Amino acid sequence: IDVRCWQDNKGGGLVASYKTSWGIGFDYLHLSRCKPGKHEAGRAIAVVGSSGVGNGEHLHITQRDLKGKKVPPQRGYLWWAITGNKP
């Protein structure tokens with residue numbers, strides 16, 4: 001994946017964004033660190049934090065469909081995104 005790191009000034013803080021090879025996208029918000037660039041599956045791309053609006057360290061995951069619209073994250077994709085292992 002090709003990770004883009006950016007600052008969400010609307011409350012998300014430091015964000016890591018990427019699209020899968022088939023077009024589904026993910027955004028990880030409220031990070032303390034983000035590693036931009038190309039990464040292989042299973043590599044750490046970010047560190048959970050408390051940037052942006054929120055109380056304490058946590059990870060906010062947004063999944064996007066092929067058109068870039070936000071959709072509820074699917075359990076299998078969450079597992080894959082967090083661990084780098086297919087469900």
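In this text, all values refer to a predicted model and were calculated from it rather than measured experimentally. Just so you know, residue 1 is the first one in the sequence shown, and it goes up from there.
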TODO: Measure across L14 and Q7 and return the closest heavy-atom pair with its distance rounded to 0.1 Å.
DONE: N-NE2, 3.7 Å

Task: Heavy-atom pair with the smallest gap, counting every atom of P36 and C34 - done: CD-O, 3.4 Å

TODO: Verify the cluster assignment for I61 and V3: are they in a single hydrophobic cluster under the rule of side-chain heavy atoms below 4.5 Å apart?
DONE: yes

Task: In one Ile/Leu/Val/Met/Phe/Trp/Tyr side-chain cluster, 4.5 Å: Y18, W22 - done: yes

Task: L29 to D8 - nearest heavy-atom pair and separation - done: CD2-OD2, 4.1 Å

Task: salt bridge (charged side-chain N to carboxylate O under 4.0 Å, His left out) pairs, two or more places apart, involving residues 46-70 - done: D27-R64

Task: Min side-chain heavy-atom separation Y28-V48 under 4.5 Å - done: no

Open item on the list: Please tell me whether I45 and F26 are part of a single hydrophobic cluster in this structure, the criterion being side-chain heavy atoms less than 4.5 Å apart.
Closed with: yes

- [ ] Find out whether Y77 and T20 are in side-chain contact, i.e. whether some heavy atom of one side chain is under 4.5 Å from a heavy atom of the other.
- [x] no

Open item on the list: Tell me whether I1 shares a hydrophobic cluster with V47, the cluster being built from Ile, Leu, Val, Met, Phe, Trp, Tyr side chains joined at under 4.5 Å.
Closed with: no

Open item on the list: Donor-acceptor check, side chain of S51 to backbone of L31, threshold 3.5 angstrom: yes or no?
Closed with: yes

- [ ] Sort and list the pairs that fulfil ring pair (Phe, Tyr, Trp, His ring centres under 6.0 Å) and have at least one residue in residues 50-69, not counting sequence neighbours.
- [x] H30-H58, H30-H60

Open item on the list: I need the minimum non-hydrogen distance between Q63 and P73, along with the two atoms involved.
Closed with: OE1-CA, 3.2 Å

Open item on the list: Holding to salt bridge (Lys or Arg N to Asp or Glu O under 4.0 Å), I want the full list of residues that pass it with K38, two or more places apart in sequence or in another chain.
Closed with: D2

